Amino acid sequence: MSSIAAAEREGWGGRVLLVLGPVLLALVISSGILVLAGANPHATFLKLVAGSFGTAVKRADVVVVWVSLVICTAGLLVSFTAGQWNIGMEGQIVMGAIFATWVGRQFVDISGVLERGSPLVVIAAMVGAGICGGVVWATAAGALKVLGKVHEIFAGLGLNFVASATSIYLIFGTWKQKSGGTLSGTVLLDEQLWLPTLEGVRASPYSLGLALVVVVAVYFALRGTLWGLQLKAVGRNPRAARTLGVATHRVLFSAYAVCGACAGLAGAVLVVGVHHRLIPGISSGHGFMGILIALLSGFQALYIAPIALFFAALSIGSIALQLDLKLDSSLAGVVQGMLVLCVLLVQGVREWRSGRAGS
Amino acid sequence: MSEVVLIATLASILADSAPIIFAALGETLNERAGVVNLSVEGTMMLSAMVGFASAFVLDSYGPMLFMGSDFAPYLTVAAGFAAAMLAGALIALVVAFGSITLRRDQVAVGFIMTLLAIDLSSFAGVEFVRKPGPSVGHLPIPGLADLPVVGPIFFAQDAVTYLSFLLIVGMAVFFARTQPGLRLRGIGERPQAAFARGTNVVLMRYVYTALGGALIGFGGAAYSLHVKLGWSHRHTAGFGWVALAIVIFGGWDPLKVALGAYFFGALRAAATTLQSLLPAVPIQVFPLLPFPLMILTLVLFNSDGLVRALSVLPVGPRRFLFGLLRSNPPAALGTHFRQE
């Protein structure tokens, strides 16, 4: 499956070509799209770099997105290893954010000021609740798949719709601000409930630490544990795994639960570390982006961090494009999608050609 | 509900469901040929933008191009639909190339194309956001439109709605009663056998994937030129996913797929009605409700729970309900064909 794993069978030259080829191809196609849109590709790409790494504030914003993407992708690696397309991750992130906000709201008054409880305990409780929210939502998708035999893509999509409708209901209904429900979300929580950040920027060393712990844990769990082996067995061939005595249902449920825990954690971090409130569309597509990163990494935990950094930089850098060059920030998604498509297709073309040469 | 309101509601359900009918039947064509084109959400979104943008641009050059011809408004809108179909077919061809020729995971290619097309629609469509533009004109059928009840429901619509009726019937006949339709079913069910009988499986799969993609593209343009006029970011959000779900809901059968699309249309109409009955619920929630309801209905119908629930019935009605509610996917759906 993995282009990078496939590259390891080649010499150095082939390896570099296999990774750089699709990247260059994606770059050329994206430049073509920019030219069609009447923009200068060179200036645009320079702006993208400046917009993502130009200042300390922007670098910190890249880290904020990176944390979210890494946690999500690490979770998706678990479900992909078990052969599951957890497309419901978006909804699981939203549910994590809803649960975390709900716990936070129990300790503040109507204007968001902390009334009781020590801030540290409340933050921990919010994060714990967020994880629970993600687990509940992912397990629901898993139950529909495992017990109901519904394809996980539809189970996940349905639950995504329910989660986003719930968040809208809360923001404009039950949890609306004194002044009325607005698109800006629920009331801002007390500053004591914010994850401490580095001086003057939005990035928090704690969430960065959490992301690193999660990705390292997933790396070792998939590589060196019995559970990791069982996930792989179920992912490759569920029937054979069952014959060999693996409790396939339990393994599948555990894959969904762990993936959901990661999604919920990402959602909780978006609340305590970034937005400090529930906003509409809080997941910002990170769950879907995580699927792209997982595909691109060839499902190897080792490659998540650098690829996620590239994706996060594009997402943040593209905001500057909107302000300065009047180009829509969705360019980031176009470049990301084009890159993954090119990698997948180039890898396919290589196998197709070698298959032809062999036959 | 008074009779007049009921008739108007039914007529609007038929009209509003047309884009989903085109998209879901296009996907049915794809899947009956054995190819899952997961990119429906993105294809509809991009083609809605392309369709509106093309018609919009042509409209501003229209007087020059068509020299003030009486048909100019029709031609600009038709050109919009043609451009949208082209966009849909192109995306479908990428999916076909990736999955048929290169044997990549169909779900992966389709998913990537979904995200790519959505972002491309936002990026390229930014100049057309909230601009008033051309749309499909009202076209009551003389004579038939004046019939009581039936007239205003079925025959006082526009060309797109009539085309959606024709497509439903046409595709049902195509699958059930024609040689090429039978051959199409063959390549989705038993590609090896179809190949042995002389069908070029790979070529036919390409053709039907492109055709289905063009229909999905038509559905996208039907949205921006016929239902919710114009273009805004993520204009068709959710509709492609629902169309994909409706194909399964309808058991890959054109008539039942159409029924599913109308059921979704009815859900949307019901959500609007519910809004006035439940003033305590924020209005922002109601437009979102039909989406989870539709997918959860699919989940219910598709799950083993239904089998258990139906098993209490006597054999006769059980078999009938089963035939109505459940059916198996084409046997070779999503698999790679290897020519031996």
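On a predicted model such as this, the values are computed, not experimentally measured, just so you know. Numbers restart at 1 for each chain; the letters A, B, ... are given by sequence-line order, proteins then strands.
- Contacts between V109(B) and chain A at a heavy-atom distance below 4.5 Å involve backbone atoms as well as side-chain atoms.
- Of the atoms belonging to I87(A), it is side-chain heavy atoms, and not backbone ones, that fall under 4.5 Å from chain B.
- Neither the backbone nor the side chain of S121(B) comes within less than 4.5 Å of any heavy atom of chain A.
- Between R353(A) atom CZ and L102(B) atom CG the span is 12.0 Å, to the nearest 0.5 Å.
- Rounding to the nearest 0.5 Å places CD of Q336(A) at 12.0 Å from CD1 of I112(B).
- Below 30°, between 30° and 60°, or above 60°: for F288(A) and F111(B) the angle between ring planes is above 60°, a perpendicular geometry.
- To the nearest 0.5 Å, the span separating CG on L288(B) from CZ on F161(A) amounts to 9.0 Å.
- One finds a salt bridge joining E351(A) and R104(B) here, because a Lys/Arg side-chain nitrogen approaches an Asp/Glu carboxylate oxygen to under 4.0 Å.
- Interface remark: of the candidates G158(A), A37(A), S329(A), A155(A), G158(A) forms the most heavy-atom pairs closer than 4.5 Å to chain B.
- Top candidate by heavy-atom pairs under 4.5 Å with chain B, chosen from S330(A), G285(A), A165(A), is S330(A).
- For a residue to count as touching a neighbouring chain, one of its non-hydrogen atoms must lie under 4.5 Å from one of that chain's; by this rule L38(B) touches chain A with the side chain only.
- Of the listed residues (L157(A), I153(A), L345(A), N160(A)), the greatest number of heavy-atom pairs within a distance under 4.5 Å of chain B belongs to L157(A).
- For chain A, no part of A124(B) is nearby; none of its heavy atoms comes within less than 4.5 Å.
- Side-chain contact between D328(A) and H233(B) is present, with at least one heavy-atom pair separated by less than 4.5 Å.
- Summarising the geometry, atom CD belonging to Q284(B) is positioned 7.5 Å from atom CG belonging to L183(A); distances are rounded to the nearest 0.5 Å.
- Of all heavy-atom pairs between Y169(A) and V285(B), the closest is CA-CG2, 3.5 Å.
- Residues P292(B) and V162(A) approach most closely at CB-CG2, 3.4 Å, considering heavy atoms.
- With a threshold of 4.5 angstrom between heavy atoms, L115(B) approaches chain A through side-chain atoms but not through N, CA, C or O.
- What you find for I33(A) and F123(B) is that their closest heavy atoms are CG2-CE2, 3.8 Å.
- Of the listed residues (A245(B), G98(B), A280(B)), the one with the most heavy-atom contacts under 4.5 Å to chain A is A245(B).
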